[in-house]
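Let me begin by presenting the structure, written as structure tokens, before commenting on it.
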2 protein chains.
Amino acid sequence: MAAVLDQDGITAAALELISKKGYDGLTMAALARSLGVAPSALYNHVSSKDEVLKLVEEDLMSKVDFGGFSTLPWEDAVRQWAYSYRGIFARHTPLISVIAVLPVTDAPQTLAMYEAVTEGFLRAGFPEKQIIPSIVALEAYIFGAAFDANAPADIFDSGRLADSTPHFTSAVRSLGPERNNYPSDLAFSMGLDALITGLGALRG
Amino acid sequence: MAAVLDQDGITAAALELISKKGYDGLTMAALARSLGVAPSALYNHVSSKDEVLKLVEEDLMSKVDFGGFSTLPWEDAVRQWAYSYRGIFARHTPLISVIAVLPVTDAPQTLAMYEAVTEGFLRAGFPEKQIIPSIVALEAYIFGAAFDANAPADIFDSGRLADSTPHFTSAVRSLGPERNNYPSDLAFSMGLDALITGLGALRG
DNA sequence: ACCAATAAATGAATGACGTTCATTTATCTC
DNA sequence: GAGATAAATGAACGTCATTCATTTATTGGT
């Protein structure tokens with residue numbers, strides 16, 4: 001039969017669907033409809049919805065910018081990589097629970113990123129044994145920060161309990177004149193600087 | 001009618017169910033069964049499954065150990081808090097996507113924790129404006145690390161693609177003689193030290 | 001002690017959703 | 001042109017969370 005479907009097409013359609021309707025809108029039925037096909041047809045090309053998510057993940061990984069590791073000083077390369085990584089996955093937080101636990105085996109894009117990052121660390125003078133743990137720590141921070149970037153501006157509104165949390169409430173208020181001062185970007189930058197400084201000290 | 005159910009009982013049953021069957025086993029039907037009640041009865045006490053998750057979350061927050069902030073040096077208090085926080089939520093990662101974005105309003109346990117942590121930062125000499133961003137950064141790291149703690153030991157097995165990722169593969173191997181060397185704990189400790197050092201430098 | 005109001009539990013029904021499978025349809029190969 | 005094969009179909013399943021009309025038990029007022 002004329003192959004209407006393939007994994008690339010499914011991946012692209014899934015990404016478009018996600019960007020338009022979010023992850024709640026990503027159902028096998030909706031995905032099939034956007035491809036002009038019956039839901040069951042998808043199963044000739046992917047074994048499950050989980051596999052669709054893995055395909056999307058790999059695609060996103062290929063968009064993470066790790067180019068700095070071959071051109072910039074280590075600190076700047078890490079910063080560029082981390083911002084790019086967080087920026088992309090902030091709009092795909094439902095994937096994080098998958099990625100964080102997904103073996104890299106047969107994930108070429110993900111492996112390519114790790115290889116480049118590892119090379120950058122080596123070039124910067126890190127002892128080999130420190131590299132993977134450092135990357136893991138940075139990634140943990142990036143993933144957590146990606147969630148954070150989606151928090152509503154009033155997440156720290158202590159409401160009726162403000163009186164029983166005076167120090168916290170005051171610290172929140174100190175960030176700006178009113179509500180709506182969730183410091184996601186500022187926090188990311190501060191924590192990233194701290195990590196870069198701290199991990200950078202491990203260089204030989 | 002004799003009130004068989006209440007929110008505390010539902011929360012306790014949910015926690016037990018989660019510990020026995022995991023988050024996949026936490027269905028409204030299973031929860032009702034464990035309470036000897038019809039599923040629809042639950043809706044007299046909670047408005048949705050999401051509310052059950054919020055109740056569980058609040059309960060878990062009350063178990064996070066932030067006691068060090070009133071007794072230990074700041075660095076040690078942060079470490080104790082972070083380890084406790086990560087340890088608890090590592091077994092409840094499906095909640096993280098909820099928490100990270102959930103307003104603290106009407107979450108007394110969560111607010112109590114933030115209040116204590118804020119006080120600890122103040123006592124340690126942090127300028128008020130730096131406190132919330134620092135906490136946010138630490139929490140992001142803790143949440144990410146909680147996911148990480150669940151990664152399979154062979155997550156970094158590059159498999160057939162090992163040849164194309166020599167530096168990465170070698171760095172992974174350097175961690176130990178064989179596979180199964182996922183450095184989740186080591187990475188957590190390293191990154192946490194880096195954050196503590198880096199953020200600690202913000203003190204006045 | 002009764003009655004009305006109310007809180008709580010029931011069971012049947014609904015509508016998504018992911019997934020399976022027997023069957024049909026179109027294309028490629030010999 | 002026949003037969004194998006890859007791909008799409010549509011109906012069906014099982015699992016969920018959730019709703020709702022109804023029943024049942026308890027409470028407070030007189």
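What you see below is based on every heavy atom in this structure, not just the backbone, and it leaves out hydrogens, waters and symmetry mates. Residue numbering restarts at 1 for every chain, and letters A, B, ... go by the order of the sequence lines. Computed from a prediction, not measured in an experiment: that's the story for all the values here.
In the set dT10(C), dT19(D), dA8(D), dA8(D) carries the atom at the smallest distance from any side-chain atom of Ala41(A). Between dG18(C), dT19(D), dT9(D), one nucleotide has an atom nearer to the side chain of Val37(A) than all others, and that is dT9(D). For Pro39(A), counting side-chain heavy atoms from C-beta on, the closest listed nucleotide (dT9(D), dT18(D), dT19(C)) is dT19(C). Proximity note for Ala38(B) (side chain, C-beta onward) versus dT10(C), dT9(D), dG18(C): the nearest is dT10(C).
A salt bridge is absent between Asp148(A) and Arg86(A): the closest approach of a Lys/Arg side-chain nitrogen to an acidic carboxylate oxygen does not fall below 4.0 angstrom.
Distance CD (Glu51(A)) to P (dT19(C)): 11 Å, rounded to an integer number of Å. Remark: C1' of dC16(D) and CG of Leu26(B) are 12 Å apart, rounded to the nearest angstrom. Here the P atom of nucleotide dA17(D) and the CG atom of Asp24(B) are 11 Å apart, to the nearest Å. The CG atom of Leu35(B) sits 11 Å away from the P atom of dT10(C) (whole-angstrom rounding). Distance CZ (Arg33(B)) to C1' (dA9(C)): 17 Å, rounded to an integer number of Å. Residue Leu31(B) contributes atom CG, which lies 13 Å from atom P of dC16(D) at whole-angstrom precision. Look at CG on Asn44(B): it is 13 Å from C1' on dA21(D), rounded to the nearest Å. For the pair Met28(B) CE and dT10(C) P, the computed distance is 14 Å after rounding to whole Å.
You'll find the ring centres of Tyr85(B) and Phe89(B) inside the 6.0 Å limit. Checked against a 6.0 Å centroid threshold, the rings of Phe147(B) and Phe143(A) do not count as neighbours.
Residue Ser40(B) is classed as a base contact, given a heavy-atom separation below 4.0 Å to a base. Heavy atoms of Leu42(B) sit nowhere under 4.0 angstrom from any nucleic acid atom.
If you run ring pair (Phe, Tyr, Trp, His ring centres under 6.0 Å) between Phe121(B) and each of Tyr114(B), Trp74(B), Trp81(B), only Trp74(B) comes through.
Side-chain contact, His45(B) with Gln7(B): no donor N or O sits under 3.5 Å from an acceptor N or O.
Within the structure, every side-chain polar atom (N or O) of His45(B) is placed at least 4.0 Å from both OP1 and OP2 of dA7(C).
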